[in-house]
Structure formats: C-alpha cells, structure tokens
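Beneath this line is the structure, given in structure tokens, with notes to follow.
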There are 2 protein chains.
Amino acid sequence: MNEVFQALSDPTRREILRLLRQRDMSAGEIAECFPLANSTLSGHFKILKHSGLIVSERSGTTIVYSLKVSAFEGMLAAVMELFEVDKEPKESKK
Amino acid sequence: MNEVFQALSDPTRREILRLLRQRDMSAGEIAECFPLANSTLSGHFKILKHSGLIVSERSGTTIVYSLKVSAFEGMLAAVMELFEVDKEPKESKK
DNA sequence: GTGTTATTTCGTTAATTGGCGAAATAACGA
DNA sequence: TCGTTATTTCGCCAATTAACGAAATAACAC
C-alpha cells in the first residue's frame, strides 16, 4: 500500500492516471501529453506499474498502458480506514 | 489537493493520522509513539497542518492536534475522481 | 542481415525530503 | 524575574527523487 500512496504523490503520475481513466493509451501517446522527455515518462510508468495501479501489454512495437481498477479499490479502502469513515462517531466536538 | 497527496505519501504521517483517528493528542504524546526526534515529528505536523488534514490548538503549554475530517472528504472525492468510480462503465475488458 | 520506430535502461545532476541536535519561543508556576 | 516543560525553528547532512540525453532493447518491414 505504501507504493500506492507513493505513486499518487506526484502530480504527473496522477495526470497519467487521469488520462488512462478515459481510455487505454500507448507510452508514446501519453508522452505527447506532457512537456517531458520520454525517458522521464517511462520512469513514471515504472513506478505506477510497480504500485499496481496500471498494467502494460505489448502490442507489436508499442506498449499499451491501462488502469487497474482493482488496485484502486484497495487504495480507497486504505484511505477510508485512515479516517474514521465507516466507524462509530467519535464524540469529541465541543 | 496536491498538498494532501504529498502529506499522505509518508508512512510516519499516515501513522500520525491513524493515531489521531482514535483521539486528539498533544505533540508530545504523538512523539512518544515514534522513535524519532521531537523536531522531526514537528516537521511532520507542519506538513499535515499545511495540507489541512489536521488542526492544532494550544492548551496551556501543550499543543493538541486533531483530525480535520472535512479535508478527508475532499481527498476521497479526488481519489474517486481519479479513478472511474461514479462514472459509466468503460467497456474495454476483453 | 539492415534500418526504422517505440520504448526502456543507464548515468548524471539539481532539487526535495526526512532525519538530527542545538537554539529559540511560549506558557506556566514559584 | 527565573526556572521548567512543551514545542517549534534553524542549520546541516545523507538519501531519495525527478529530470535529462545517450545508449540499449524490442518488434517490425525490407
């Protein structure tokens, strides 16, 4: 889970996720959306993959990335656990 | 929102939030739960405060920290927006 | 095989981060 | 006022991070 929070801490990586939310995209397509070197984006893909938030599949000479929604569910659960969502009220206000 | 993701990216800070989920605590009480210098924890408090996830109130000579749940709601919404939660299905699987 | 395109890996660098101890600040009680 | 306690701020340092360009890899077409 640490890897997921880590992956989400960078704005560029969150934007990559936002792009993939709309449709699967190749590394090159994603790279065109940023003013960054391909190698830089590749590094971000690696981190996102390692966190489990995206998966890749080679299609000929291109590599297509896509969101892995199941990883998100775990993430959501962790965030909710972090706060008191789904717990009894705390009764501390005033 | 960037500050929130940034704040959540560190394990120590997430643990601080987890502690505060149970009850409000002073800086010293929180610090006792970690093998870190007080000054280090104070830095974490500062980041968490800046992100809006916690608030502080001085009580005599101690400073009491508490969770700010409303900030979490924004965070949750951002995470859900990041993924396709609450959107129509994507129709891409197989 | 050679060449082309798409992508990643490698090595470097500058900026950020998390840690520390020491000094500063704040509030209290004597 | 002078201590004492609680906490933060201030350098400082080591480790991590995000960026780059150049070189390496992979798949294809010829």
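This one's a predicted model, so the numbers in the text were calculated from it and none came from an experiment. Throughout, protein chains are lettered first and strands after them, A, B, ... in sequence-line order, and every chain is numbered starting at 1.
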Under a 4.0 Å heavy-atom cutoff, the residues of residues 28-36 of chain B touching DNA chain D are B/G28
So if I take residues 39-46 of chain A and measure heavy-atom distances to DNA chain D, which residues fall below 4.0 Å? A/S39, A/T40, A/H44
Name all residues meeting the side chain to side chain contact (heavy atoms under 4.5 Å, CB included) criterion together with B/T61; count only those two or more places apart in sequence or in a different chain, and write none if there are none.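 Partners of B/T61 by the side chain to side chain contact (heavy atoms under 4.5 Å, CB included) criterion come out as none, since no residue qualifies.
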Not counting sequence neighbours, which residues clear side-chain hydrogen bond (donor to acceptor under 3.5 Å, both in side chains) with A/E73? List them please.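 Per chain and number, A/E73 pairs via side-chain hydrogen bond (donor to acceptor under 3.5 Å, both in side chains) with no residue.
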Qualifying residues under side-chain hydrogen bond (donor to acceptor under 3.5 Å, both in side chains), relative to A/E3, sequence neighbours excluded: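 For A/E3 there are no side-chain hydrogen bond (donor to acceptor under 3.5 Å, both in side chains) partners, ignoring immediate neighbours.
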Please tabulate, for the side chains in residues 33-44 of chain A, all donor-acceptor contacts under 3.5 angstrom to protein atoms that are two or more places apart in sequence or on a different chain.
unit_1 : atom_1 : unit_2 : atom_2 : d
A/H44  : ND1    : A/R13  : NH1    : 3.1

Under the ring pair (Phe, Tyr, Trp, His ring centres under 6.0 Å) test, which residues partner B/F5, sequence neighbours left out? none
If we only count heavy atoms from C-beta on, is the B/F45 to B/I30 side-chain gap below 4.5 Å? yes
By salt bridge (Lys or Arg N to Asp or Glu O under 4.0 Å), B/E29 pairs with (sequence neighbours left out) B/R23
Could you tell me the boundaries of the chain A footprint on DNA chain C, defined by atoms under 4.0 Å from its heavy atoms? C/dT5 to C/dT9
For B/S9 and B/S59, find the nucleotide of DNA chain C closest to each by heavy atoms; which residue's nucleotide sits nearer the 5' end? B/S9
Please enumerate all protein N or O atoms sitting under 3.5 Å from an N or O of nucleotides 11-14 of chain D, with distances to 0.1 Å.
none

Any salt bridge (charged side-chain N to carboxylate O under 4.0 Å, His left out) pairs touching residues 31-60 of chain A, not counting sequence neighbours?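 Found none.
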Expressed as a whole number of angstroms, how long is the span from A/N38:CG to D/dA22:P?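 Answer to the nearest Å: 13 Å.
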